[in-house]
Amino acid sequence: MKKININALTIEEFVALLKKAGSTTITIEEINADIASGAPVNSDGTIHLFEYVAWLLRGVQ
């Protein structure tokens, strides 16, 4: 089993992780739309899981 780095997930790894966690609707296109709307990404374009979740929670308020 490949180890994942939750501090630097590719978009594909991020979507796969969310699907394994139970999401039935998440898509690469949705993540790309979030990034275009300001979701944080690392300098190499990868996603930090907790930074992304924090960004989502800030939008809920």
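The shown structure was predicted, so the numbers you read here are calculated from the model rather than taken from an experiment.
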Extract all donor-acceptor atom pairs below 3.5 Å that involve side chains of residues 28-37 and protein atoms in other chains or at least two apart in sequence.
| unit_1 | atom_1 | unit_2 | atom_2 | d |
| --- | --- | --- | --- | --- |
| E30 | OE2 | T27 | N | 3.2 |
| E30 | OE2 | T27 | OG1 | 3.4 |
| N32 | ND2 | I28 | O | 3.4 |
| D34 | OD2 | Y52 | OH | 2.3 |
| S37 | OG | A33 | O | 3.0 |

### Query
Does anything in residues 36-54 pair up under salt bridge (charged side-chain N to carboxylate O under 4.0 Å, His left out), and if so which pairs, sequence neighbours excluded?
none
### Task
Go through the steps for K19 and I26 under the test side chain to side chain contact (heavy atoms under 4.5 Å, CB included), then give the verdict.
CA-CA 7 Å; K19 286 184 177 185; I26 196 69; 3.8 Å; yes
### Query
Of L49, L17, T10, which meets side-chain contact (heavy atoms from CB on, under 4.5 Å) against I4?
L17
#### Entry: Pairwise side-chain contact, L9 with T46, heavy-atom cut-off 4.5 Å (strictly under)
no
### Query
Tell me, which pairs form a ring-ring contact (aromatic ring centres under 6.0 Å, His included) where one or both residues lie in residues 21-43, sequence neighbours left out?
none
#### Entry: Contact list for residues 6-17, test salt bridge (charged side-chain N to carboxylate O under 4.0 Å, His left out), sequence neighbours left out
K2-E13
### Query
Restricting to pairs with a member in residues 22-45, which pass ring-ring contact (aromatic ring centres under 6.0 Å, His included), not counting sequence neighbours?
none
